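Note that the coordinates shown come from a computational prediction; the quantities given were computed from them, not determined experimentally. Both ligands and their constituent atoms are indexed starting at 1 by order of listing.
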Amino acid sequence: MTKSFSNDEIDNNFLWGYNKNGFCVITNFSSFQRLFVYMKPYRLKIVMATLCAILQNVFDVFPEVLIGITIDVLVNKQNSFLGNWGIVNVISQLCVLAGLIFVIWCFQALFEYLSDVLWRNLAQIVQHDLRIDAYSHMQQLEMAYFEDKNTGELLTVLNEDVNQLEIFFDKGITDFIYFVVSVSLVGYIFFYLSPLIALCVFLPVPIIFLVAYVFQNRLGQLYAHVREKAGILGARLGNNLIGISTIKSYAMEDYELDRLRKDSNEYKNAYERSIGTSAAFIPIIRMTIAFGFVITIILGGWYALKGKLAIGSYSVLVSMTQRLLWPFIYLAKSMDVYKRSMACADRVFAVLDTPIGIKDGAVAASVDVKGKIEFKDISFAYPSGVQIFDNLSISVEPGQTVGVVGSTGSGKTTLIKLLLRFYDPEQGSILLDGIYTKDLTLRLLRQAFGFVSQDVFLFKGTIRENIAYGTDNITDEQIEYAARMAEIHDFIINLPDGYETIVGERGQKLSGGQRQRISIARAIVNKPPILIFDEATSSVDNETELSIQRSLEKIAKNHTVFVIAHRLSTIRHADNIFVLHKGVVVENGKHDDLVSLNGVYAKLWRVQTGEKQ
Ligand code: ATP
Ligand code: MG
């Protein structure tokens with residue numbers, strides 16, 4: 001779920017708006033403002049962290065003032081500033097000053113520690129919230145989004161881009177606070193001691209701001225480019241690691257290494273360009289600072305010689321010029337960090353701004369699903385592809401076992417994707433027990449199905465976890481029963497760790513047929529009202545398939561079952577068989593009727609049984 005705000009928060013917060021789908025988004029505001037919305041719930045922590053950062057910087061300025069007073073002690077002895085306060089002995093005056101400096105540094109160290117801990121913790125909290133929101137939102141996006149994007153690229157956004165935000169809190173904000181506090185405090189001391197010198201020292205400040213403005217615009221573009229290249233590199237890495245067995249089997253290691261080198265080089269070059277600009281920023285500001293320093297030395301020295309400025313004050317001013325202008329370097333650093341982290345934040349917020357295409361219906365009540373399914377005049381084309389269905393209508397009665405056959409690419413899997421609302425048809429409607437599937441919550445709809453997909457996916461974990469996936473409070477007996485039905489129980493118990501065996505990422509440690517059977521067990525364990533098997537037994541031998549079929553026939557009695565199969569023997573006993581050809585149902589009926597019809601199905605059957613055509 002995307003970060004939810006109370007109505008009050010939404011009303012009070014002008015940053016939030018709603019897009020045309022009613023989805024709560026922040027529009028037309030920079031990622032910076034949006035990050036602050038994320039920080040809003042932690043106001044107290046922010047106030048504390050800011051306070052500690054301010055105090056740390058205040059304590060950091062004082063030793064220099066005390067050094068000025070020390071020089072005053074050495075020059076004026078009993079008549080010094082402290083002497084006037086009643087501490088006549090010079091050694092006592094020095095001891096008091098040393099003690100004060102020590103205490104102040106202790107406080108400075110304490111507040112530096114607190115500020116560091118608080119800001120960095122805050123960074124982790126905001127990163128955590130943002131990561132969870134971005135992932136949660138991403139999970140709700142329709143399949144078309146994931147087909148367009150690359151896993152590695154999305155991973156870079158959720159992981160790298162979110163993690164990079166840490167520098168914004170850790171460095172960006174604290175450097176900016178240092179800049180504000182130091183410039184205000186030291187500026188005040190300057191104006192107090194010598195308004196004319198203060199004015200002269202401030203002369204380069206407008207130039208500094210101008211340079212900062214020009215640089216930050218340029219850095220923004222450069223860092224956006226870096227992040228884009230990071231996404232491409234992440235995509236390549238992700239893709240190659242997933243496809244490592246194909247790379248190895250085609251001996252394409254060198255080729256892939258070259259491709260990765262090219263992407264990595266582009267990332268490196270993009271980063272180098274940003275480093276060039278970012279690194280030039282600080283020296284340019286340093287040069288401008290030097291100008292202010294020269295003015296203080298000459299003008300202050302001349303005033304001191306003429307007796308218009310005390311030597312102690314002059315020494316304070318000289319060391320303070322650095323103090324006054326140095327923070328502008330931190331302003332530059334903070335701007336650099338700001339631009340770098342906002343380039344990352346932009347990408348995270350772009351995910352959060354992606355509208356959800358497949359929206360939840362309102363009917364959430366747990367109804368007793370009977371399993372009647374109707375496809376009514378549906379037309380559908382993939383966003384990038386050709387028309388798959390044009391006015392297709394199919395009706396399935398509760399408890400029926402339905403076979404769907406057809407040549408490869410005829411739209412069988414697409415039909416199931418529409419039923420499960422991975423996609424919505426452009427026209428027409430799909431009904432479950434007479435209710436439009438669009439009106440049901442996605443959770444309710446999808447929980448009505450047990451789906452064995454053509455591309456079986458197992459999670460890294462134990463066999464037990466994989467079978468129980470998606471079900472609550474499932475007992476060991478139920479898991480074992482489902483495994484027996486899927487003809488996999490005997491195999492599992494013969495493994496050294498039995499049901500606790502780890503299957504590896506994507507179930508890599510199992511054979512294709514074993515993976516399929518575990519996914520059959522997963523689909524049936526909760527006894528959902530409708531079962532869908534998309535080429536579910538394509539990788540198992542004929543004998544095992546027959547056993548699975550016999551088991552499933554028992555289960556099928558009270559269920560609606562869709563069986564998609566190329567091997568026609570699998571669907572031979574179905575109550576109704578739909579023959580799809582290029583997205584159109586060309587024939588339907590029982591096996592024997594279709595064979596005697598002598599059409600497409602009969603031809604397929606003859607091919608598979610080896611009969612002469
Ligand atoms: P098979 O028997 O090989 O599994 P199928 O009947 O299940 O085939 P579908 O997966 O439904 O076929 O695909 C139907 C058509 O839609 C194919 O031509 C395929 O190329 C196309 N297609 C499938 N998925 C997408 C997608 N995500 N984007 C664009 N086109 C797609
Ligand atoms: Mg398919």
Side-chain angles (χ1 to χ4, degrees), residues 138-151 153-154 235 238-239 242-243 354 356-358 373 375 377-394 396 401-428 430 437 446 449-457 512-513 515-516 519-520 523 530-540 545 561-572 574 576-588 594 599-601 603-605 607-608:
M138 206 181 259
Q139 258 192 165
Q140 294 176 66
L141 293 172
E142 59 279 13
M143 290 307 295
Y145 176 82
F146 295 95
E147 281 157 10
D148 265 355
K149 304 274 178 206
N150 211 304
T151 316
E153 196 183 340
L154 297 178
N239 213 49
I242 292 170
T354 311
I356 296 172
I358 306 270
I373 292 162
F375 289 85
D377 303 322
I378 54 161
S379 299
F380 175 73
Y382 282 105
S384 55
V386 287
Q387 197 74 22
I388 308 291
F389 299 121
D390 195 7
N391 275 320
L392 178 99
S393 294
I394 285 179
V396 179
T401 294
V402 169
V404 183
V405 296
S407 53
T408 174
S410 55
K412 304 178 296 291
T413 302
T414 307
L415 197 69
I416 302 305
K417 287 182 184 170
L418 290 174
L419 181 58
L420 290 171
R421 284 199 74 206
F422 288 171
Y423 296 86
D424 275 339
E426 285 149 18
Q427 278 171 25
I430 303 168
T437 50
R446 289 174 186 164
F449 295 90
F451 177 38
V452 181
S453 145
Q454 200 167 2
D455 321 303
V456 170
F457 184 89
R515 278 200 291 272
Q516 277 194 332
S519 91
I520 292 175
I530 306 155
L531 291 167
I532 301 172
F533 300 107
D534 189 355
E535 291 292 343
T537 46
S538 58
S539 302
V540 297
E545 185 188 16
V561 185
F562 272 88
V563 184
I564 296 172
H566 283 296
R567 219 189 274 165
L568 298 186
S569 54
T570 316
I571 46 122
R572 191 177 172 172
N576 200 354
I577 298 167
F578 292 95
V579 184
L580 269 183
H581 184 64
K582 293 189 177 162
V584 177
V585 176
V586 284
E587 290 169 10
N588 80 293
L594 291 175
V600 180
Y601 184 88
K603 200 171 159 195
L604 282 172
W605 179 249
V607 171
Q608 291 193 9

Show me which atoms of ligand 1 lie under 4.0 Å from any heavy atom of E147.
26 (C), 27 (N)
For atom 3 (O) of ligand 1, the closest protein heavy atom turns out to be T408 OG1, 2.5 Å
With heavy atoms only and a cut-off of under 4.0 Å, state how L415 meets ligand 1: side chain, backbone, both or neither.
neither
Polar side-chain atom of E535 near backbone of H566 as donor-acceptor pair, under 3.5 Å:
yes
Heavy-atom contact under 4.0 Å between G406 and ligand 1?
no
Taking only heavy atoms of T414, which atoms of ligand 1 are found under 4.0 Å from at least one of them?
9 (P), 11 (O), 13 (O), 14 (C)
Q454 neighbourhood, listing ligand 1 atoms whose heavy-atom distance to it stays under 4.0 Å:
1 (P), 4 (O)
S410: numbered ligand 1 atoms lying under 4.0 Å from its heavy atoms
6 (O), 12 (O)
What part of Y423, side chain from CB on, backbone N/CA/C/O, both or neither, has a heavy atom under 4.0 Å from ligand 1?
side chain
Would a 4.0 Å cut-off, counted as strictly less than, catch a protein heavy atom around atom 19 (C) of ligand 1?
no
Do L415 and I394 make a side-chain contact, defined as non-hydrogen atoms from C-beta onward lying under 4.5 Å apart?
yes
Any atoms of ligand 1 less than 4.0 Å from a non-hydrogen atom of I388? List them with their elements.
15 (C), 16 (O)
Charged N to carboxylate O under 4.0 angstrom, E142 versus R421?
no
Is the side chain of K412 donor-acceptor paired with the backbone N or O of G406 at a distance under 3.5 Å, no angle test?
yes
Donor-acceptor pair, Q516 side chain versus D455 backbone, under 3.5 Å?
no
Donor + acceptor pair across side chains of Y423, T414 (<3.5 Å):
no
CZ (F457) and OG (S519) are apart, to the nearest 0.5 Å, by 12.0 Å
With a 4.0 Å heavy-atom cut-off (strictly under), which part of E535 contacts ligand 1: side chain, backbone, both or neither?
neither
Identify the protein heavy atom lying closest to atom 7 (O) of ligand 1, giving its residue, its atom name and the separation to 0.1 Å.
T413 OG1, 2.7 Å
Nearest protein heavy-atom contact for atom 22 (N) of ligand 1: which residue, which atom, what distance?
Y382 CE1, 3.2 Å
Are V405 and I571 packed together at the side-chain level, in the sense that at least one heavy-atom pair is separated by less than 4.5 angstrom?
yes
N/O/S from Q454 sitting under 2.8 Å away from the Mg ion (ligand 2)
yes
Give the contacting part of M143 toward ligand 1: side chain, backbone, both or neither, where contact means a heavy-atom distance below 4.0 Å.
neither
Among side-chain atoms of D534 and S453, is any donor-acceptor pair under 3.5 angstrom?
no
Does one side chain, of S379 or E426, offer a donor that lies under 3.5 Å from an acceptor on the other?
no
Parallel, tilted or perpendicular: which fits the ring planes of Y601 and W605, with parallel below 30° and perpendicular above 60°?
parallel
Taking atom 8 (O) of ligand 1 as the reference point, the nearest protein heavy atom with its distance:
G409 N, 2.8 Å
Do any of the N/O/S atoms of T414, backbone or side chain, fall under 2.8 Å from the Mg ion (ligand 2)?
no
